[in-house]
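What follows is a set of notes on a single structure, which appears directly below.
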There are 2 protein chains.
Amino acid sequence: MEDIRDNDGAVTADDVAAAAGVSRWTVARAFKKDASISRKTRDRVLAAADTLGYVPDLSAASLASDRSNLVALLTNDFNNPHKLVLLERLTRMLWGRGWGTLLVHMSESEDASAALMAASQRRVDAAVVIGTRYDDTLLETALGARRVKKLVIFARYSQNPNTLTLACDDELAMRDIADHLLDKGYRRPVFLAGPDTQSAKLLRKPTFTSYWQQRTGTEVPAIHADAYAFDPAIDRVCAMLSEAPAETRPDVLVCENDILAIGAMDAIRYRLGLRVPQDIAVTGFDDIPLCASPAYGLTTYRQPITQLAEKLLDVLEGTQTENVFLPGRFVAREST
Amino acid sequence: MEDIRDNDGAVTADDVAAAAGVSRWTVARAFKKDASISRKTRDRVLAAADTLGYVPDLSAASLASDRSNLVALLTNDFNNPHKLVLLERLTRMLWGRGWGTLLVHMSESEDASAALMAASQRRVDAAVVIGTRYDDTLLETALGARRVKKLVIFARYSQNPNTLTLACDDELAMRDIADHLLDKGYRRPVFLAGPDTQSAKLLRKPTFTSYWQQRTGTEVPAIHADAYAFDPAIDRVCAMLSEAPAETRPDVLVCENDILAIGAMDAIRYRLGLRVPQDIAVTGFDDIPLCASPAYGLTTYRQPITQLAEKLLDVLEGTQTENVFLPGRFVAREST
DNA sequence: TCATTTTCTGCACGCGCGTGCAAATCGCTT
DNA sequence: AAGCGATTTGCACGCGCGTGCAGAAAATGA
């Protein structure tokens with residue numbers, strides 16, 4: 001297979017201009033919404049463009065102007081299916097509104113600034129860190145020198161003032177979950193969280209434990225898996241439960257996300273031979289497709305991804321300049 | 001939050017040139033591998049660039065040259081976690097070698113050419129269709145007029161001569177699976193495939209059925225789920241098994257991928273109350289993380305993603321111009 | 001030391017399009 | 001038919017860097 005394009009050079013605005021009998025700039029106007037151009041000329045130009053197969057070159061456009069209509073999507077933790085949902089929604093909605101999406105892998109080991117730097121070399125209008133923790137200082141460094149104009153934290157929290165946060169309201173979410181559990185009569189929760197790092201960017205654990213404390217007056221013990229993956233969750237849950245006598249055993253595991261919750265269910269059922277929810281109930285967070293399967297039926301909480309993505313578009317277009325926290329939707333299933 | 005960059009304009013090669021006391025072109029050389037430049041000057045330039053925080057602007061570079069080092073990744077079917085693995089591997093390896101990845105969503109309903117066209121506006125050096133079926137004619141149209149230079153089909157098959165295919169060798173894979181099933185004594189397989197479209201780009205069904213026919217002389221019946229998702233698989237499997245008396249029931253379901261296989265297992269266990277593998281065994285394809293969980297333990301086949309990604313790099317760099325089919329690895333678990 | 005090769009550096013030009021303004025054209029009124 | 005404002009069109013300049021070549025500097029050999 002060799003290079004395919006038949007007419008060796010790409011067709012430019014000049015070609016279209018010649019074909020339509022106008023100037024190159026008029027061609028540009030024809031493609032620009034709300035440009036000052038007469039209906040007739042625009043139609044003629046677009047017709048010519050269509051027969052010639054012309055589409056404006058956005059690289060050149062971004063060089064000439066100072067916006068690229070390109071957004072960098074930075075993420076890691078590629079083993080959580082929820083990321084796929086986030087990516088799908090974001091790319092679909094962004095492209096639909098004329099934004100290109102540059103997918104960048106922030107490997108855990110290396111630093112986030114390397115990823116940001118790579119993105120900045122492509123003149124992105126904004127960088128969106130998707131559902132993943134990151135190191136504030138590194139980003140600050142990266143932002144100082146580079147040409148990333150906006151930095152958005154999506155589906156996580158950041159206190160960095162140079163940053164815009166778009167996320168599900170974890171406080172409301174954890175209240176819904178806690179209220180549901182109290183209704184159902186659960187009294188001895190244990191919180192299963194991910195790695196206990198300083199830059200954890202989820203408020204689920206603190207908001208749940210403080211609300212539970214407030215409603216019941218009792219503390220919520222927490223345990224931490226080494227990573228957001230099945231096996232670490234299984235190991236951690238086994239370690240905890242195999243020590244505890246049945247009487248003091250927790251009656252529900254509140255998990256920071258669905259991956260941990262599913263690992264917890266597997267541990268409870270297949271390692272410890274107990275039943276969910278009769279012996280121990282489990283809740284998750286995110287509502288990944290697997291939650292609905294008959295094998296799990298996991299009670300969980302769905303983030304308002306579409307609305308958040310719409311807010312992201314507002315941010316990109318400059319009409320949203322404040323942090324956003326939106327309520328999601330509690331989803332009750334058989335695991336509680 | 002407003003635009004962050006402190007020094008309002010980005011720093012350009014000219015600035016670095018002035019700081020290092022050389023010309024702008026020498027700065028460019030310092031950043032270009034194998035460029036004709038003395039060791040000393042390069043070090044000086046790079047030092048200056050470092051203190052100024054300069055990085056070459058790849059947009060401008062791609063305008064000036066005719067390569068962008070940008071690759072468009074086209075995909076759909078965002079509910080298969082295997083896509084996440086593919087995306088992760090590809091983005092990580094491509095960025096690692098200096099390629100940017102533009103993620104484009106090919107919605108099922110609309111046509112692939114719209115996605116390709118969007119990508120072509122960004123001067124991509126190649127478009128990679130990832131693990132998804134597509135319509136040949138649409139791509140052909142899109143390729144005719146646009147400036148996509150190379151079109152690669154990744155993890156699927158295409159007969160289009162303008163296209164380069166990089167995929168797992170489905171024939172070897174299905175032989176491994178069939179041999180394993182025959183060893184284990186299974187004799188009445190049914191093949192569970194995805195939607196029965198004309199442009200299906202997987203050879204798993206035909207290769208399995210013909211090899212099974214060859215080894216046993218018996219036909220393999222096939223059924224088709226309406227989509228590659230849990231529920232369609234569950235529905236289809238229930239529909240088939242509830243009609244069949246236990247004697248003529250299949251003893252193994254060979255599934256086109258893991259998603260279908262997991263749906264099949266759920267149907268067998270939770271809808272029909274049968275056991276896997278005692279009553280019916282199941283095999284999948286892809287080895288998504290869930291396969292290893294104790295709840296499923298799915299026998300499956302792992303595609304050689306890393307090697308395929310390496311081949312993709314060769315394709316991009318021009319050293320690979322032929323289709324590639326690589327063997328993967330059979331993974332036996334408890335579901336057979 | 002000088003001539004010759006080899007290595008290194010500078011430069012004119014262009015990639016395709018956006019911006020902002022000036023010139024041209026149109027539509028309407030009197 | 002002239003005149004005025006509103007609308008539409010054309011254009012010089014620059015965005016930041018790559019290419020290919022010519023000239024300068026350094027390295028080599030006798």
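Quick note on labels: first sequence line is chain A, next is B, and so on, each numbered from 1.
One can place CZ of A:R24 at 11 Å from C1' of D:dA12, the figure rounded to the nearest angstrom. Per the geometry, CG belonging to B:D14 stands 13 Å off P belonging to C:dA12, to the nearest Å. Atom CG of B:D57 is separated from atom P of D:dC17 by 6 Å (rounded to the nearest Å). For the pair B:D66 CG and D:dG16 C1', the interatomic distance rounds to 17 Å; values are reported in whole Å. Atom-to-atom, CG of B:L58 to P of D:dG16 comes out at 14 Å; the value is rounded to the nearest Å. Rounded to a whole Å, the CZ atom of B:R122 is 17 Å from the C1' atom of C:dC15. Rounded to whole angstrom, the span from the NZ atom of B:K33 across to the P atom of D:dG18 amounts to 16 Å. Rounded to whole Å, the distance from CZ on A:R39 to P on D:dT9 is 13 Å.
Not a single donor-acceptor pair under 3.5 Å links the side chain of A:S158 to the backbone N or O of A:T163. Between the side chain of A:R44 and the backbone N or O of A:A20, at least one donor-acceptor pair lies under 3.5 Å. With hydrogens and angles disregarded, a donor-acceptor distance shorter than 3.5 Å links the side chain of A:N323 to the backbone of A:T165.
Across the interface with DNA chain C, nearest-nucleotide mapping of B:A64 and A:S62 shows B:A64 to be the residue nearer the 5′ end. Each of B:L63 and B:R29 has a nearest nucleotide on DNA chain D; the 5'-most of these lies closest to B:L63.
In summary, A:K150 and A:D125 do not engage in a salt bridge, as defined by a charged side-chain N under 4.0 Å from a carboxylate O.
Under 4.0 angstrom from either OP1 or OP2 of C:dT9 there lies at least one side-chain N or O belonging to B:T41. Regarding contacts with the backbone of D:dT19, a side-chain N or O of B:K32 is found under 4.0 angstrom from either OP1 or OP2.
Checking D:dG16, D:dA12, D:dC17 against the side-chain heavy atoms of A:R123 singles out D:dG16 as nearest. Distances from the side chain of A:T26 to the nucleotides C:dG16, D:dT9, D:dC17 place D:dT9 closest. Residue A:W25 has its side chain nearest to D:dG10 when only D:dG10, C:dC15, C:dC11 are considered. Comparing atom distances between the A:S23 side chain and each of D:dG10, D:dC17, D:dC13 picks out D:dG10 as nearest. The B:V22 side chain lies nearest to C:dG10 when the options are C:dG18, D:dC17, C:dG10. Picking from D:dG10, C:dT9, D:dG18 the nucleotide with the shortest atom distance to the side chain of B:S38 gives C:dT9.
Applying the 3.5 Å distance criterion, the base of D:dG18 shares no donor-acceptor pair with the side chain of B:R67.
A donor atom on one side chain and an acceptor atom on the other are not found under 3.5 Å apart for B:S62 and B:R67.
Among the heavy atoms of the strands lying under 4.0 Å from B:I37 are primed sugar atoms or P, OP1, OP2 only; no base atom is included.
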